[in-house]
Protein chains: 2
Amino acid sequence: MERSANALDERSKRVLWAVIESYINNPGPVGSRYVTKKYAFGYSPATIRNIMADLEEMGYLRQPHTSAGRVPTDKGYRFYVEHILEEEIGYHSDFAKTILRRFKSIMQDMESILSETTKTLSALSHYMAMAVSPGPEGVTLRRIELLPYKEDRIAVLILTDEGIIRHHIIKNEFRLSASDLSRITNFLNREFAGYTIKDIKEELINEMIKDKEEFDTLVDRALRLCTEAIETYGANIFITGLTEILDFPEFADIERIKELYRTIEDKHNIIKLIDKIAHSEGVQVIIGTENPIKELHTMSVIASTYKDKDRPAGVVGIIGPKRMNYISAISLVDTAARILTKILEEGGEGWKRRK
Amino acid sequence: MERSANALDERSKRVLWAVIESYINNPGPVGSRYVTKKYAFGYSPATIRNIMADLEEMGYLRQPHTSAGRVPTDKGYRFYVEHILEEEIGYHSDFAKTILRRFKSIMQDMESILSETTKTLSALSHYMAMAVSPGPEGVTLRRIELLPYKEDRIAVLILTDEGIIRHHIIKNEFRLSASDLSRITNFLNREFAGYTIKDIKEELINEMIKDKEEFDTLVDRALRLCTEAIETYGANIFITGLTEILDFPEFADIERIKELYRTIEDKHNIIKLIDKIAHSEGVQVIIGTENPIKELHTMSVIASTYKDKDRPAGVVGIIGPKRMNYISAISLVDTAARILTKILEEGGEGWKRRK
DNA sequence: CGTTAGCACTCCTCTCCATCGAGTGCTAAT
DNA sequence: ATTAGCACTCGATGGAGAGGAGTGCTAACG
């Protein structure tokens with residue numbers, strides 16, 4: 001009955017698949033009899049038990065306690081999603097329709113779109129949804145405006161190609177007049193428009209401050225002013241739909257909820273996760289302990305990057321229990337990423353109206 | 001032993017006070033013996049029992065079940081906070097210091113300040129904190145800017161006296177040029193600066209659209225454009241610190257947490273609550289069933305309005321279990337409201353630097 | 001007449017234990 | 001290799017009983 005440690009024959013695969021599907025559809029360990037009833041394999045429970053014992057030995061399943069049914073391990077889920085990912089991922093047209101309809105009515109800045117996306121995504125998937133806006137390296141400055149605000153304040157408006165808008169208030173340290181500001185604005189746009197925020201932040205400003213002696217004081221002041229506004233630029237994280245997953249039996253334990261809530265409230269935590277996803281191609285599935293965030297070891301994350309000019313811009317995804325409907329979740333996330341990529345593409349040409 | 005239905009003699013008051021304080025300090029019904037031990041009244045438990053029975057009859061206390069200790073009713077808490085409110089409310093200087101220190105470093109727009117305020121408030125009180133930014137009727141337009149953005153988009157920037165900044169993207173339906181926009185901007189500022197958003201929304205625009213024939217088409221277009229941007233203006237609600245109250249024994253029940261979370265996630269819900277508070281003077285305490293929101297019947301809300309030009313602008317407050325430390329919570333909320341009022345006052349004169 | 005000691009009683013909470021049932025692992029038969 | 005049969009394990013369920021906190025009542029007291 002010995003079989004090589006990692007090779008799964010066809011029959012084992014089918015049983016493993018059956019166990020995982022059963023477990024996803026209703027919680028609680030799945031037993032050998034249930035599998036034989038639900039899936040007509042043509043084997044008796046005893047045979048299935050043998051196979052399940054093998055699968056356990058190989059690390060795909062485990063027993064919560066002796067004489068309970070089997071439950072998939074992270075390795076088991078991994079097997080399951082690998083097979084899903086091999087298939088063509090279905091474009092989720094319901095989702096696409098819903099979300100495009102919403103966008104048509106708002107047609108707002110990118111971050112409003114991301115916020116709407118997470119809402120739609122969590123409503124349709126019944127899991128938590130998250131989205132991350134492009135970071136400094138993925139955002140190209142289109143226009144910067146310095147406007148006189150209050151007596152000693154200036155409002156800085158940053159408009160980007162990606163449809164992200166940020167405003168910022170800075171002190172008018174040098175008591176610059178409206179016409180000064182207008183001149184500075186022109187200068188800034190001439191110098192910096194078309195560069196990414198990251199480039200502006202790291203290279204240009206440093207460089208120009210270095211040989212500032214060559215410039216007149218107004219330019220020097222312009223650089224100092226916009227430094228503060230530029231430096232605060234950071235990606236925004238949107239997370240919605242905690243209520244959606246609250247009813248899953250895996251959150252019957254109150255400590256779990258508290259832990260989860262604390263984890264997502266601390267958004268810096270999520271950054272770690274994003275890095276892992278941002279530089280990979282296609283839909284990423286992170287199961288349980290594969291997650292760098294310890295608090296999410298009981299959860300699965302499905303995420304994908306959306307792109308701008310063929311470079312990864314931001315991340316969109318779903319967070320749910322490990323026992324989640326991977327097929328529909330993967331399809332939803334993939335669709336979301338495609339839509340966001342499309343919006344950015346069209347945005348580059350001026351956000352043409354969809355027909 | 002009968003005594004008139006609502007009059008509390010001095011001794012009863014002292015006992016009631018003792019029971020409530022005991023209950024606030026540690027959960028679980030408080031018994032007659034505990035009271036005599038902890039507070040040296042000079043009476044035996046039996047006497048206290050009699051008094052407590054009277055207090056129960058009058059509706060200030062109740063028994064969770066026969067032969068348990070007493071627990072305050074909402075009426076009991078009401079008695080308690082009325083006495084607190086009669087006293088001079090202590091200015092919470094720790095809080096004031098902390099928050100002013102933070103503001104000094106950010107010195108940002110009003111909504112960032114509100115966001116920071118809730119964070120500090122929840123961290124210091126260990127309850128949930130909320131804040132509401134001024135609504136359309138409390139916000140005076142200082143400046144509006146229309147900037148060409150993408151090919152067929154215009155970015156609208158709204159700057160207000162209260163330090164609230166909003167940006168909005170609208171369609172450039174009329175293919176207006178940069179110089180058109182600049183002329184429109186001038187026109188809008190000339191006409192509307194100094195009015196509240198509400199006034200602009202309701203009266204001015206309607207009026208001007210009515211006799212639009214008298215105006216040239218550019219003005220007509222200007223009005224239409226800014227209508228959309230103005231109309232979306234709404235108050236923002238900030239709520240932080242759910243994690244702070246998660247550990248209180250009243251949330252040992254998982255359903256309670258879910259319910260609470262759903263309640264605060266639906267921000268429209270909170271609006272109802274705000275109305276009740278916004279038009280009252282001083283610190284408001286809303287105990288349990290006094291709350292118009294049914295889901296908050298097990299909670300208490302402590303809130304106060306902050307003002308701008310002597311008119312109520314927004315609301316800041318704390319949400320916690322009924323069994324909460326009212327004395328410190330009231331002091332914190334009062335201090336927060338005063339600070340925000342002060343910031344708005346100073347903002348009116350140009351956000352002068354604090355010395 | 002208010003106050004107090006004493007005592008029976010109530011009701012919650014915790015723990016223990018028996019039962020039940022689902023599901024396994026093993027063995028022997030096919 | 002597969003299967004039927006069976007003993008066994010372990011969690012879940014629920015009832016019984018002990019323990020304890022606290023009350024309400026009564027009768028005695030100053």
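Hydrogens, waters and symmetry mates are skipped; everything else that's a heavy atom, side chains included, is used. Chain identifiers are assigned alphabetically (A, B, ...) following the order of the sequence lines, protein sequences preceding nucleic acid strands; residue numbering begins at 1 within each chain.
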Nearest-Å distance, [atom1] ([X]) to [atom2] ([N])?
| X | N | atom1 | atom2 | result |
| --- | --- | --- | --- | --- |
| B:R62 | D:dG22 | CZ | C1' | 16 Å |
| A:H65 | C:dA22 | NE2 | P | 13 Å |
| B:Y43 | C:dC1 | OH | P | 18 Å |
| A:R70 | C:dA22 | CZ | P | 18 Å |
| A:F41 | D:dT2 | CZ | P | 13 Å |
| B:M52 | D:dA21 | CE | P | 16 Å |
| A:D9 | D:dA1 | CG | C1' | 13 Å |
| B:Y34 | D:dT23 | OH | P | 14 Å |

If you compare every side-chain N and O of [X] against the phosphate oxygens of [N] (OP1, OP2), does one of them come in below 4.0 Å?
| X | N | answer |
| --- | --- | --- |
| B:Q63 | D:dG24 | yes |
| B:T47 | C:dT4 | yes |
| B:R33 | C:dA5 | no |
| A:T66 | D:dC10 | yes |
| A:R11 | D:dT2 | yes |

(request) Determine whether the side chains of A:T243 and B:E265 contain a donor N or O and an acceptor N or O closer than 3.5 Å. (result) yes
(message) Is it true that B:D9 and B:S12 share a donor-acceptor pair across their side chains at a distance under 3.5 Å?
(response) yes
(message) Suppose we screen for ring pair (Phe, Tyr, Trp, His ring centres under 6.0 Å). Which residues come up paired with B:Y127, at least two apart in sequence or across chains?
(response) B:F248
(message) So that I can tick it off, tell me whether A:E56 and A:R70 are bridged by a salt bridge, with the cut-off set at under 4.0 angstrom between side-chain N and carboxylate O.
(response) yes
(request) With B:K322 as reference, evaluate B:D74, B:T298, B:T73 under the side chain to side chain donor-acceptor pair (under 3.5 Å) test and give the passing residue. (result) B:D74
(request) Would you kindly check whether a donor in the side chain of A:S67 faces an acceptor in the base of D:dT9, or vice versa, at under 3.5 angstrom? (result) yes
(message) Once hydrogens and angles are ignored, does a donor-acceptor distance under 3.5 Å link the base of C:dG25 to the side chain of A:R49?
(response) yes
(request) Among the candidates D:dA4, D:dT23, C:dT3, find the nucleotide nearest to the side-chain atoms of A:A46. (result) D:dA4
(request) Find which nucleotide of DNA chain C each of B:G42 and A:V30 is nearest to by heavy atoms, and output the residue with the more 5' nucleotide. (result) B:G42
